[in-house]
Engineer: 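Below: one structure in structure tokens.
The first residue in the sequence is number 1, and the count goes up from there. Atoms within each ligand, like the ligands themselves, are counted from 1 in listed order.
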Amino acid sequence: MCGIVGYIGNKDALPILIDGLKRLEYRGYDSAGVAIIGDDLKVVKTQGRISDLENKLKNEELKGSIGLGHTRWATHGVPNDVNAHPHLSESKSIVVIHNGIIENYLELKKMLVKEGRTFRTDTDTEVIAYLIEEFYEGDLLKAVKKTVELLEGSYAIAVMSKNERDRFVAVRKDSPLVAGLGQGENFIASDIPAILPYTKNIIILENGDIIDVRRESINVYDKNLNLITRNIKRIDWRIEDAQKGGFKHFMLKEIFEEPDVIREAMRGRVRDAVVEFPELNISLEYLKSINQVYFVACGTAYHAGVFGKYLTEKYLRIPAQAEVASEFRYRDPVIDEHTLLFVISQSGETTDTLAALRFGKEKGARTIGIANVVGSSVTREVDQVVYIHAGPEIAVASTKAYVAQVEVILLLIVYFAKLLGKLTKEEESNIVNDFQKLEEKARSIVLRSNEIADFVSTTKSIEETFYIGRNLDFALSLEGALKLKEISYVHAEGYPAGELKHGPLALVTPNSLVIAVITYGPLKEKTLSNIKEVKARGGKVLAIAQEGYNTIEEVADRVFYVPKVANDIGPIINVIPLQLIAYYMAEARGLDIDKPRNLAKSVTVE
Ligand code: AGP
């Protein structure tokens with residue numbers, strides 16, 4: 001998720017671009033750059049933050065009243081000066097900034113190389129600039145229109161030509177893009193905060209919209225360049241609210257982003273009834289040699305690893321363990337060259353996880369990183385890395401990254417099972433079919449968040465809770481309990497439902513709240529019995545159950561139904577109500593949800 005901003009008007013563009021980028025830094029901040037058309041088209045860009053770009057600009061003379069700016073969250077190509085946006089066409093007459101992922105950029109790049117083009121960077125974005133130049137015959141709008149017809153993937157792009165100083169063109173598909181209308185000046189941005197100080201008159205562009213932005217006009221076209229009308233909204237948010245997209249906290253915004261994250265995490269990996277990981281280079285011979293799998297991580301990432309353990313053994317029939325990184329390297333685990341170590345980390349900088357990674361490598365394990373931040377330490381030290389494409393996660397409590405971690409882990413296991421001949425084509429096709437429905441099912445859950453808020457309002461004085469479940473519902477219970485603890489400060493334990501009677505049931509009283517996760521179909525009757533054990537002691541039970549399992553209403557005090565999905569895929573979306581319980585409990589207590597006490601987003605100490 002990057003930040004893009006564009007300006008055309010009668011003022012100096014540079015300060016407006018820099019100011020806008022600073023308000024988009026929460027969208028990405030590993031490199032940044034600007035392009036301005038003055039006497040000539042000039043580009044200045046750098047690895048690092050906006051402040052690093054400002055330092056670099058002190059030595060440059062960038063005057064002009066039309067320009068584009070970009071702050072990057074790398075998806076292809078490590079963060080460095082060369083890979084930073086904006087990107088130029090081969091002749092340097094066209095310049096592009098881009099937010100998203102072009103899935104077919106390698107095919108397009110090969111086609112252009114065959115035509116004799118020479119590329120300068122590793123990015124997918126540069127291909128867009130080269131293509132526009134291929135199609136440019138004096139009309140930027142037409143050249144852009146022809147280019148996007150070839151693109152597959154997600155993109156919000158903005159394009160300038162040094163031969164056309166009175167307009168820029170932008171396009172939106174699956175990545176957000178807004179336009180702002182001023183007096184004799186107009187703007188575009190990935191998100192409203194970037195331009196809100198200059199105009200409150202905003203157009204929220206829709207997928208497929210192509211816009212021609214000039215000083216006195218913004219024209220919106222469909223993919224065939226037919227003029228279309230888009231409503232102008234008046235936005236009266238404060239800047240800080242706008243950065244949260246109108247949500248009260250980043251955590252809630254990030255939960256509501258989860259349907260989009262689910263789509264982005266599978267992009268390029270699930271299509272035409274097939275699961276694939278083009279970025280992985282794993283031989284069948286090596287896969288067959290693996291005799292032990294570890295998922296090593298901390299906190300929420302560890303809980304994603306527990307999910308991986310269950311499904312690795314189920315699908316691959318290889319012994320698998322989920323290990324807390326801070327314990328793993330001190331218990332002298334069995335590791336050799338036949339060990340595969342999955343290292344899971346949102347930040348990619350967690351000291352305990354890095355130490356466990358280094359320990360495992362020393363012992364001969366092969367390592368695959370499951371990461372969110374491109375170029376982070378974990379991604380540089382593992383043998384191979386698979387990115388979850390969740391975008392920057394600002395809230396300390398991890399939500400959308402967990403959803404993407406669980407999703408990518410399952411896809412990897414399915415992919416390996418296929419390679420090992422442990423999955424039929426029909427089974428793979430059914431899984432793909434289920435994945436393609438996940439985005440909308442996740443959206444149907446987040447849109448019912450008020451049901452969770454309503455339930456929490458009746459239990460906000462609770463001082464401790466149990467989260468219980470069996471199999472994958474147990475893995476979810478661990479994550480639900482951690483979320484509640486870390487942002488609402490209510491003590492919670494995630495426990496195997498079948499284990500409650502072996503001790504913890506002694507704690508259950510009429511003042512107890514138990515969140516029972518009962519979505520894993522094969523064991524739901526067992527879990528139902530455990531819920532009855534709690535009810536027999538007077539405990540209050542909220543059940544998270546699949547639609548149609550109405551029996552649960554005879555036992556639980558409240559039920560939140562989640563859409564039916566295949567048992568092994570369910571946790572990707574069934575965690576959402578658990579995240580919302582934690583959020584609304586913390587909100588009800590008036591706590592600092594995005595920055596909970598004692599905690600840091602990335603724990604870089606042992
Ligand atoms: C999760 O909500 C917490 N912020 C914390 O447990 C976190 O998951 C853990 O510190 C691991 O972080 P990482 O994924 O960046 O390595």
Engineer: In terms of atom number and element, which parts of ligand 1 are under 4.0 angstrom from non-hydrogen atoms of Lys483?
Structural biologist: 1 (C), 2 (O)
Engineer: Give me the residue, atom name and distance of the protein heavy atom closest to atom 10 (O) of ligand 1.
Structural biologist: Val603 CG2, 3.9 Å
Engineer: State the CD1-CG distance between Ile344 and Asn372, to the nearest 0.5 angstrom.
Structural biologist: 13.0 Å
Engineer: Which word best sums up how the rings of Phe256 and Phe247 line up, parallel for under 30°, tilted for 30 to 60°, or perpendicular for over 60°?
Structural biologist: tilted
Engineer: Any idea which protein heavy atom is nearest atom 4 (N) of ligand 1, and the distance to it?
Structural biologist: Val396 O, 2.8 Å
Engineer: Any idea which protein heavy atom is nearest atom 6 (O) of ligand 1, and the distance to it?
Structural biologist: Gly299 CA, 3.2 Å
Engineer: Is the closest basic N to carboxylate O distance between Lys400 and Glu254 below 4.0 Å?
Structural biologist: no
Engineer: Decide whether an N or O pair under 3.5 Å exists between Thr353 and ligand 1.
Structural biologist: no
Engineer: Heavy-atom distances under 4.0 Å decide this one: backbone, side chain, both or neither, for Glu486 against ligand 1?
Structural biologist: side chain
Engineer: Which residue supplies the protein heavy atom nearest to atom 11 (C) of ligand 1, what is that atom called, and how far is it?
Structural biologist: Cys298 O, 3.5 Å
Engineer: Tell me yes or no: between the side chains of Asp52 and Thr46, is some donor less than 3.5 Å from an acceptor?
Structural biologist: no
Engineer: Can you find an N or O of Ala600 that's nearer than 3.5 Å to an N or O of ligand 1?
Structural biologist: no
Engineer: State whether the shortest distance between N or O atoms of Lys601 and N or O atoms of ligand 1 falls below 3.5 angstrom.
Structural biologist: no
Engineer: If you draw a 6.0 Å radius around NZ in Lys361, do more than 12 non-hydrogen atoms from other residues or ligands fall strictly inside?
Structural biologist: yes
Engineer: At less than 4.0 angstrom from any non-hydrogen atom of Ala301, what atoms of ligand 1 do you find?
Structural biologist: 8 (O), 14 (O)
Engineer: Please identify which atoms of ligand 1 are closer than 4.0 Å to at least one heavy atom of Ala397.
Structural biologist: 2 (O)
Engineer: Report, in ascending order of atom number, the atoms of ligand 1 lying under 4.0 Å from any heavy atom of Thr300.
Structural biologist: 1 (C), 2 (O), 6 (O), 8 (O)
Engineer: Do the side chain of Asn567 and the main chain of Gly521 share a donor and acceptor less than 3.5 angstrom apart?
Structural biologist: yes
Engineer: Quick one, Ile318 and Asn291 - any side-chain contact, counting heavy atoms below 4.5 Å?
Structural biologist: no
Engineer: So for atom NZ, which belongs to Lys601, do other residues, nucleotides or ligands contribute more than 12 heavy atoms lying within a distance under 6.0 Å?
Structural biologist: yes
Engineer: Whether the Tyr520 and Asn574 side chains hold a donor-acceptor pair (N or O, under 3.5 Å, no angle test) is what I'd like checked.
Structural biologist: no
Engineer: Would you mind running through ligand 1 and noting each atom that sits below 4.0 Å from a heavy atom of Ser398?
Structural biologist: 1 (C), 2 (O)
Engineer: Under 4.0 Å from a heavy atom of Thr350: give me the atoms of ligand 1 that qualify, with their elements.
Structural biologist: 12 (O), 13 (P), 15 (O), 16 (O)
Engineer: Would you check the N or O atoms of Ser347, main chain and side chain alike, for any that come under 3.5 Å of an N or O of ligand 1?
Structural biologist: yes
Engineer: Give the residue and atom name of whichever protein heavy atom lies nearest to atom 14 (O) of ligand 1, and the separation in Å to one decimal.
Structural biologist: Gln346 N, 2.7 Å
Engineer: Glu479 and His303: side-chain donor and acceptor closer than 3.5 Å?
Structural biologist: yes
